[in-house]
Amino acid sequence: MERGRVTMDRNADAPWSKFDPEAYVDNNYRTPLEVDLLIVRLMRDYFTRCFDGVPPRSARGIDVGAGANLYPALSMLPWCEKVLLLEYAHPNVEYLEKQIAPAGYDIAWDPFWDVLREAPAYAAVQPRPLVADIVRVERGNLFDLEGGDRRWSLGTMFFVADSMSEAPEEFHRGVRCFMNALDDTAPFAAAFMKESVGYRVGAHDYPAYRVNEETVRESLAPFTGELEIHDLHHSVRPGHEGMLLALGRRNSAIAAP
């Protein structure tokens, strides 16, 4: 992405209707990357601690900006009675609807489940039929969550707020919308590309807002009762310096307008 322009690429300007989910999966998940397996392990262990290792199957989970990535939803399976995948791009919505069909999701996601099922709560779950039973897809924008009218008791947001716009106000608004969609004390996991200058999927370029650990911590801190940020020093493509994984719980703070 070209930097230093007077006019920044904003979320509404990105070519989301041309997003290629198959190319995205091929580039990022078809051959599992060690950093993603590490993220899954950290998320698995954190959610297990939050729920004391006993699946209540009563939480309502949401993956915001799910894209062509199923492992955040898989990480919520033992704890949820319902999981919503909120996604804006039509091609990604179609991809996700195929993944939750009764025929079962793509085998590309099996290595991620293999990591999850190392924990007893996950080993007790049959993931494919459960995905088809409790997961649904809804087309919607992250910013649709602005009012906080719909609340969930478990949430994930992976490479969304930082990977949809170059505008700092849209990044912070995205984080605020995600956090305000969560109930008080709801556990969450959010991942960010560190110092990303944008990315390419298929034949199209997409914008990013450059964040580091301090940026992420400052954006989440007003909303969290507990927060841990893992700086994962793994680069998966040119144009970024690693990944950041934030794990925490929502508190009762009200976001500033």
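Any value given below was found using the heavy atoms of this structure, including those in side chains, with hydrogens, waters and symmetry copies removed.
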**Q** Under the 3.5 angstrom rule, does the side chain of S153 hit a backbone N or O of R60 as a donor-acceptor pair?
**A**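 Looks like yes, one N/O pair under 3.5 Å.
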**Q** Salt bridge or not between D114 and R117? Use side-chain N to carboxylate O under 4.0 Å.
**A**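 Yes, D114 and R117 are salt-bridged.
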**Q** Would you say that C80 contacts V83 through its side chain, given a criterion of any heavy-atom pair below 4.5 Å between the two side chains?
**A**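 Yes - at least one pair of side-chain heavy atoms lies under 4.5 Å apart.
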**Q** Looking only at heavy atoms, which two atoms of P91 and P21 are closest? And how far apart?
**A**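 Scanning both residues, the minimum pair turns out to be O-CG, 3.6 Å.
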**Q** Is M43 close to T156 at the side-chain level, that is, under 4.5 Å between some pair of heavy atoms?
**A**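 A side-chain contact exists here, since the closest heavy-atom pair is under 4.5 Å.
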**Q** Starting from the C-alpha separation in whole Å, work towards a yes-or-no answer on side chain to side chain contact (heavy atoms under 4.5 Å, CB included) for F47 and S75.
**A** CA-CA 8 Å; F47 288 164; S75 76; 3.5 Å; yes
**Q** Look up atom CG in L77 and atom CG in L116, then write down how far apart they are to the nearest 0.5 Å.
**A**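 So the CG of L77 and the CG of L116 are separated by 8.5 Å.
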**Q** In the structure I gave you, are the side-chain heavy atoms of R173 and E146 within less than 4.5 Å of one another anywhere?
**A**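 Side chain of R173 against side chain of E146, heavy atoms only: contact under 4.5 Å found.
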**Q** Take the angle between the ring planes of Y71 and Y29 and call it parallel below 30°, perpendicular above 60°, tilted in between.
**A**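 Answer is perpendicular, since the angle exceeds 60°.
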**Q** Checking the side chain of D36 only, and the main-chain atoms of P32 only, is there a donor and an acceptor separated by less than 3.5 Å?
**A**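 Side chain of D36 to backbone of P32, a donor-acceptor pair under 3.5 Å: no, none is there.
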**Q** Go through the side-chain N and O atoms of R250 and N180 and say whether any donor and acceptor fall under 3.5 Å apart.
**A**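 Distance-only check passes for R250 and N180.
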**Q** Does the side chain of S163 come within less than 4.5 Å of V160's, by heavy atoms?
**A**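 The answer is no; the side chains never approach within 4.5 Å.
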**Q** At their closest point, which heavy atom of A189 faces which heavy atom of L247, and how far apart are they?
**A**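 Looking at all heavy atoms of both residues, the shortest contact is CB-CD2, 3.6 Å.
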**Q** Between W113 and Y105, is the side-chain hydrogen bond (donor to acceptor under 3.5 Å, both in side chains) condition met? List the steps.
**A** CA-CA 11 Å; W113 184 258; Y105 53 78; 5.6 Å; no
**Q** Is there a side chain to side chain contact (heavy atoms under 4.5 Å, CB included) between V175 and L220 once you walk through the steps?
**A** CA-CA 7 Å; V175 171; L220 289 169; 3.6 Å; yes
**Q** Got a donor-acceptor contact below 3.5 angstrom from the N212 side chain to the T215 backbone?
**A**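 Answer holds: yes.
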**Q** After noting the C-alpha distance and the side-chain angles of R128 and D110, does the key distance pass the salt bridge (charged side-chain N to carboxylate O under 4.0 Å, His left out) rule?
**A** CA-CA 10 Å; R128 279 185 171 81; D110 287 344; 2.8 Å; yes
**Q** Do L85 and R136 come within less than 4.5 Å of each other through their side chains, counting heavy atoms only?
**A**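 They are not in contact (no side-chain heavy atoms under 4.5 Å apart), so the answer is no.
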**Q** Nearest 0.5 angstrom please: K82 NZ to L154 CG, how far?
**A**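 Output value for this atom pair is 15.5 Å.
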**Q** Let's go through R249 and D184 carefully: what are the C-alpha distance in whole Å and the side-chain angles of both, what is the deciding distance for salt bridge (charged side-chain N to carboxylate O under 4.0 Å, His left out) to 0.1 Å, and is it a yes or a no?
**A** CA-CA 8 Å; R249 286 183 182 266; D184 292 347; over 6 Å; no
**Q** Taking the side chain as C-beta and beyond, is there a heavy-atom pair between L130 and V135 under 4.5 Å?
**A**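 L130 vs V135: side chains apart.
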**Q** Check whether any side-chain N or O of R41 sits under 3.5 Å from a backbone N or O of V115 as a donor-acceptor pair, and report yes or no.
**A**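 No: the side chain of R41 does not pair with the backbone of V115.
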**Q** Please evaluate residues E213 and K194 with respect to the criterion salt bridge (charged side-chain N to carboxylate O under 4.0 Å, His left out), reporting the C-alpha separation (whole Å), side-chain torsions for both, the decisive distance (0.1 Å), and the verdict.
**A** CA-CA 8 Å; E213 182 175 348; K194 183 179 178 182; over 6 Å; no
**Q** Determine yes or no for a side-chain-to-main-chain donor-acceptor pair under 3.5 angstrom, with Q99 supplying the side chain and D106 the backbone.
**A**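 Yes, the answer is positive, given that a donor and an acceptor are paired below the 3.5 Å cut-off.
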**Q** In this structure, is the centre-to-centre distance between the rings of F159 and F192 below 6.0 Å?
**A**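 Centroid separation for F192 and F159: 6.0 Å or greater.
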**Q** Does the pair E118 and R44 meet the rule for a salt bridge (charged side-chain N to carboxylate O under 4.0 Å, His left out), with working shown?
**A** CA-CA 9 Å; E118 292 171 2; R44 174 201 70 195; 3.1 Å; yes
**Q** If you measure from OG1 on T224 to CG on L182, what distance do you get to the nearest 0.5 Å?
**A**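 These two atoms lie 11.5 Å from each other.
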**Q** Decide yes or no on side chain to side chain contact (heavy atoms under 4.5 Å, CB included) for L232 and I39, but give the supporting numbers first.
**A** CA-CA 9 Å; L232 308 175; I39 286 172; 3.4 Å; yes
**Q** Looking at side-chain heavy atoms only, is the closest gap between H90 and S17 below 4.5 Å?
**A**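 Side chain of H90 against side chain of S17, heavy atoms only: no contact under 4.5 Å found.
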**Q** Identify the heavy atoms of V216 and I229 that sit nearest to each other, and give their distance.
**A**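 Heavy-atom minimum between the residues: CG1-CD1, 3.9 Å.
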**Q** Kindly compute the distance separating CG (L244) from CD (E214), expressed to the nearest 0.5 Å.
**A**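 Here the rounded value is 12.0 Å.
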**Q** What is the distance from atom CZ of R57 to atom CH2 of W79, rounded to the nearest 0.5 Å?
**A**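 Between atom CZ of R57 and atom CH2 of W79 there are 11.0 Å.
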**Q** Please say whether more than 12 non-hydrogen atoms of neighbouring residues, nucleotides or ligands are located less than 6.0 Å from OH in Y88.
**A**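 Atom OH in Y88 is not packed in, count stays at 12 or less.
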**Q** Mind listing the closest non-hydrogen atom pair of T48 and A119 along with its distance?
**A**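 Answer, listing the atom of T48 first, then A119: OG1-CB, 4.4 Å.
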**Q** Minimum heavy-atom separation for A191 and L245, please, with both atom names.
**A**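 Of all heavy-atom pairs spanning A191 and L245, the closest is CB-CD1, 4.3 Å.
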**Q** Side chain of D9, backbone of E166: donor and acceptor closer than 3.5 Å?
**A**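 Judged by distance alone, no pair lies under 3.5 Å.
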**Q** In Å, rounded to the nearest 0.5 Å, how long is the span from CG of D144 to CZ of R139?
**A**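 The distance works out to 9.0 Å.
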**Q** Given side chain to side chain contact (heavy atoms under 4.5 Å, CB included), test L86 with W152 step by step and report yes or no.
**A** CA-CA 12 Å; L86 185 71; W152 283 265; over 6 Å; no
**Q** Just by modelled atom types, is the P129 backbone N or O under 3.5 Å from a matching donor or acceptor in the D133 side chain?
**A**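 No; zero donor-acceptor contacts below 3.5 Å.
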**Q** Minimum heavy-atom separation for C177 to F143, with atom names?
**A**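 So the two residues come closest at SG-CA, 4.0 Å.
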**Q** Between R217 and E228 (side chain of the first, backbone of the second, donor and acceptor by atom type, cut-off under 3.5 Å), is there such a pair?
**A**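 Looks like no, no N/O pair under 3.5 Å.
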**Q** Do side-chain atoms of D20 reach the backbone of A23 as a donor and acceptor pair under 3.5 angstrom?
**A**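 Yes.
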**Q** Evaluate the side-chain proximity of F171 to M164: yes if any heavy-atom separation is below 4.5 Å, no if none is.
**A**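 Contact flag for M164/F171 side chains = no.
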